[in-house]
Amino acid sequence: QVQLVESGGGLVQAGGSLRLSCAASVRTFSPYDMGWFRQAPGKGRESVAVVNWSGAHTNYAGSVKGRFTISRDNAKNTIYLQMNSLKPEDTAVYYCAAGPTGTNTYNYWGQGTQVTVSS
């Protein structure tokens with residue numbers, strides 16, 4: 001099984017930046033996609049950004065496009081989420097997830113890291 005551990009969350013002022021990291025304990029032997037999801041208090045989970053196995057293709061939620069950047073380093077079994085121009089509405093628990101490439105199915109999840117943006 002794949003274990004994912006997020007880090008880099010914290011408290012930041014509006015307009016500031018944070019960089020989240022997600023380290024996978026075991027690399028799969030077949031291509032897999034990875035992504036970042038978030039859940040705000042009282043709301044459902046939403047997709048923030050996903051990246052395919054090669055790192056060449058990405059997709060972003062409209063609310064974060066142009067502000068957030070997802071990337072991956074397969075040699076380090078790690079993905080990142082660079083978050084710039086943060087807004088209070090970005091406040092949420094951010095989760096890292098992984099699944100077989102092309103399936104849009106994420107069956108491995110991290111424990112989550114809290115991001116709080118103050119105004």
Side-chain angles (χ1 to χ4, degrees):
Q1 296 183 351
V2 176
Q3 294 184 352
L4 306 172
V5 180
E6 304 96 332
S7 62
L11 175 64
V12 65
Q13 294 281 329
S17 299
L18 285 173
R19 190 192 194 201
L20 305 184
S21 298
C22 173
S25 63
V26 180
R27 181 182 177 181
T28 64
F29 292 98
S30 59
Y32 58 97
D33 299 332
M34 298 185 72
W36 290 96
F37 297 75
R38 68 185 181 187
Q39 187 166 15
K43 297 183 178 180
R45 183 187 65 194
E46 67 170 335
S47 175
V48 176
V50 296
V51 59
N52 80 325
W53 68 271
S54 71
H57 299 99
T58 58
N59 192 36
Y60 297 89
S63 60
V64 307
K65 195 171 186 177
R67 299 188 297 120
F68 292 9
T69 303
I70 188 171
S71 61
R72 71 187 298 167
D73 186 339
N74 288 343
K76 297 181 178 180
N77 296 324
T78 301
I79 66 166
Y80 307 92
L81 185 68
Q82 179 65 49
M83 304 185 294
N84 298 326
S85 301
L86 282 162
K87 304 175 181 179
E89 50 262 46
D90 294 319
T91 296
V93 177
Y94 284 70
Y95 298 91
C96 176
T101 190
T103 66
N104 199 34
T105 300
Y106 298 89
N107 26 16
Y108 301 101
W109 293 85
Q111 84 289 350
T113 185
Q114 177 71 47
V115 171
T116 302
V117 184
S118 64
S119 60

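Computation of the quantities below employed the complete heavy-atom set of this structure, encompassing side-chain atoms and omitting hydrogens, waters and symmetry-equivalent molecules.
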Measure across [X] and [Y] and return the closest heavy-atom pair with its distance rounded to 0.1 Å.
X      : Y      : result
Cys22  : Met34  : SG-CE, 4.3 Å
Ser17  : Gln82  : CB-NE2, 4.0 Å
Asn104 : Tyr106 : OD1-CE1, 3.8 Å
Thr113 : Glu6   : CG2-CB, 3.9 Å
Thr78  : Ser21  : CG2-CB, 4.5 Å
Ser119 : Ala14  : CA-CB, 4.4 Å

Point-to-point distance, once rounded to the nearest 0.5 Å, from CZ of Phe68 to CG of Leu86: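 One gets 5.0 Å once the value is rounded to the nearest 0.5 Å.
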CG on Asp33 to OG1 on Thr105, rounded to 0.5 Å: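 It is 10.0 Å, given to the nearest 0.5 Å.
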Sidechain-backbone polar pair: [X] side chain, [Y] backbone, donor-acceptor under 3.5 Å:
X      : Y     : result
Asn77  : Ser25 : no
Thr116 : Thr91 : no
Ser85  : Arg67 : no

Distance-only donor-acceptor hits, side chain of residues 35-44, under 3.5 Å, sequence neighbours excluded:
| residue | atom | partner | partner atom | Å |
| --- | --- | --- | --- | --- |
| Trp36 | NE1 | Tyr80 | O | 3.4 |
| Arg38 | NE | Glu46 | OE2 | 2.7 |
| Arg38 | NH1 | Asp90 | OD1 | 3.0 |
| Arg38 | NH1 | Tyr94 | OH | 2.8 |
| Arg38 | NH2 | Glu46 | OE2 | 3.3 |
| Arg38 | NH2 | Ser63 | OG | 3.4 |
| Gln39 | NE2 | Lys43 | O | 2.9 |

Trp53 atom CH2, over 12 foreign heavy atoms within 6.0 Å: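 No, CH2 of Trp53 has 12 or fewer neighbouring heavy atoms, counting only those of other groups under 6.0 Å.
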Non-hydrogen side-chain atoms of Met83 and Leu81 separated by less than 4.5 Å: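 Of all side-chain heavy-atom pairs linking Leu81 with Met83, at least one is under 4.5 Å.
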Heavy-atom side-chain proximity of Ser71 to Thr58 below 4.5 angstrom: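 No. Closest side-chain heavy atoms not under 4.5 Å.
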Let me check something: do [X] and [Y] share a hydrophobic cluster, defined by ILVMFWY side-chain heavy atoms less than 4.5 Å apart, either directly or through other members?
X     : Y      : value
Leu20 : Val2   : yes
Tyr95 : Ile79  : no
Val93 : Val12  : no
Val48 : Val117 : yes
Ile70 : Val115 : yes

Contacts of Ser54 that satisfy side chain to side chain contact (heavy atoms under 4.5 Å, CB included) - sequence neighbours left out: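 Expected list: Asn52, Ala56.
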